[in-house]
K.L.:
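One structure coming up, written as structure tokens, with questions to follow.
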Amino acid sequence: MFLEESADHKQGVGWYWIILADLGNKGMVSAANEEIIEYATRAIAILTEIGNLPGIARAYEARAIAYKNNGDDNRAEEDLKRSTTTMAK
């Protein structure tokens, strides 16, 4: 098995995208809201493959912040609900 296929590697990559999204949401790295949304979406996809529920929930939270900052309150609310639902599993 190649390293890129391991759950540990996928978890690391997923959290990398979450951290970038969080830093972008805080203005600590230069990123447009659309980029932050993409970072969080990548994290959700990667972490869903391995069932990392805390990571998935955190990525939904990060994406919700970016949606809210982008003026898309409906999507922000949907992602906050997904975050809460994911952690309840």
Side-chain angles (χ1 to χ4, degrees):
M1 172 180 3
F2 295 105
L3 179 63
E4 295 82 24
E5 296 174 4
S6 75
D8 287 342
H9 178 78
K10 288 180 181 181
Q11 179 173 289
V13 172
W15 278 95
Y16 166 83
W17 290 113
I18 292 169
I19 291 167
L20 274 181
D22 284 342
L23 292 172
N25 279 330
K26 299 234 184 248
M28 298 176 77
V29 297
S30 179
N33 287 320
E34 292 79 13
E35 291 174 290
I36 297 167
I37 291 165
E38 179 58 30
Y39 299 159
T41 301
R42 287 181 184 185
I44 292 165
I46 293 166
L47 296 172
T48 297
E49 288 179 26
I50 59 170
N52 184 304
L53 298 181
I56 297 165
R58 186 63 202 96
Y60 276 126
E61 288 178 33
R63 194 168 74 174
I65 293 167
Y67 277 138
K68 182 125 179 106
N69 291 341
N70 212 28
D72 194 339
D73 292 339
N74 291 332
R75 283 188 175 171
E77 186 176 324
E78 288 173 16
D79 272 1
L80 285 176
K81 286 179 186 175
R82 286 184 180 122
S83 174
T84 304
T85 304
T86 300
M87 285 310 297
K89 291 182 180 179

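Just so you know, these numbers use all the heavy atoms, side chains as well, and skip hydrogens, waters and symmetry mates.
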K.L.:
Distance-only, no hydrogens or angles: does the E35 side chain make a donor-acceptor pair with backbone N or O of A32 under 3.5 Å?
P.N.:
yes
K.L.:
Testing the basics here: between Q11 and L47, what is the closest heavy-atom pair and its distance to 0.1 Å?
P.N.:
CA-CD2, 3.9 Å
K.L.:
Taking atom CZ of R82 as the centre, report whether more than 12 heavy atoms of other residues, nucleotides or ligands fall under 6.0 Å from it.
P.N.:
yes
K.L.:
Can you run down the side chain to side chain donor-acceptor pair (under 3.5 Å) pairs that involve residues 17-27, sequence neighbours left out, and say none if there aren't any?
P.N.:
D22-R58
K.L.:
Going from CG on L80 to NZ on K68, what distance comes out if it is rounded to the nearest 0.5 angstrom?
P.N.:
9.0 Å
K.L.:
Identify the two heavy atoms, one from I36 and one from A66, that lie closest to each other, and give their separation to 0.1 Å.
P.N.:
CG2-CB, 3.5 Å
K.L.:
May I ask whether M87 and Y60 are part of the same hydrophobic cluster, defined by side-chain heavy atoms of I, L, V, M, F, W, Y residues being less than 4.5 angstrom apart, directly or through others?
P.N.:
no
K.L.:
Mind checking the CD1-CZ spacing from I18 to R42? Nearest 0.5 Å is all I need.
P.N.:
13.5 Å
K.L.:
Distance check, rounded to the nearest 0.5 Å: D73 atom CG versus E77 atom CD?
P.N.:
8.5 Å
K.L.:
Write down the atom of A64, the atom of D79, and the distance for their closest heavy-atom approach.
P.N.:
CB-CB, 3.8 Å
K.L.:
When you measure from the side chain of T85 to the backbone of K81, do you find a donor-acceptor pair of N or O atoms at a distance under 3.5 Å?
P.N.:
yes
K.L.:
Distance from K10 atom NZ to T48 atom OG1, nearest 0.5 Å?
P.N.:
11.5 Å
K.L.:
On a heavy-atom basis, which atom in A59 and which in A43 lie closest, and how many Å separate them?
P.N.:
CB-CB, 3.9 Å
K.L.:
Are any of the side-chain heavy atoms of N52 and P54 separated by less than 4.5 Å?
P.N.:
yes
K.L.:
Does S83 use its side chain to pair, donor to acceptor, with the backbone of A57 at less than 3.5 Å?
P.N.:
yes
K.L.:
Does any non-hydrogen side-chain atom of E34 lie less than 4.5 Å from one of E38?
P.N.:
no
K.L.:
Starting from Y16, can I reach I50 by hopping between I/L/V/M/F/W/Y residues whose side chains sit under 4.5 Å apart?
P.N.:
no
K.L.:
Is there a side-chain contact between I19 and Y39 in this structure, where contact means two heavy atoms from C-beta onward sitting under 4.5 Å apart?
P.N.:
no
K.L.:
In the single-linkage hydrophobic clustering (I, L, V, M, F, W, Y; side-chain heavy atoms under 4.5 Å), do I44 and Y67 co-cluster?
P.N.:
no
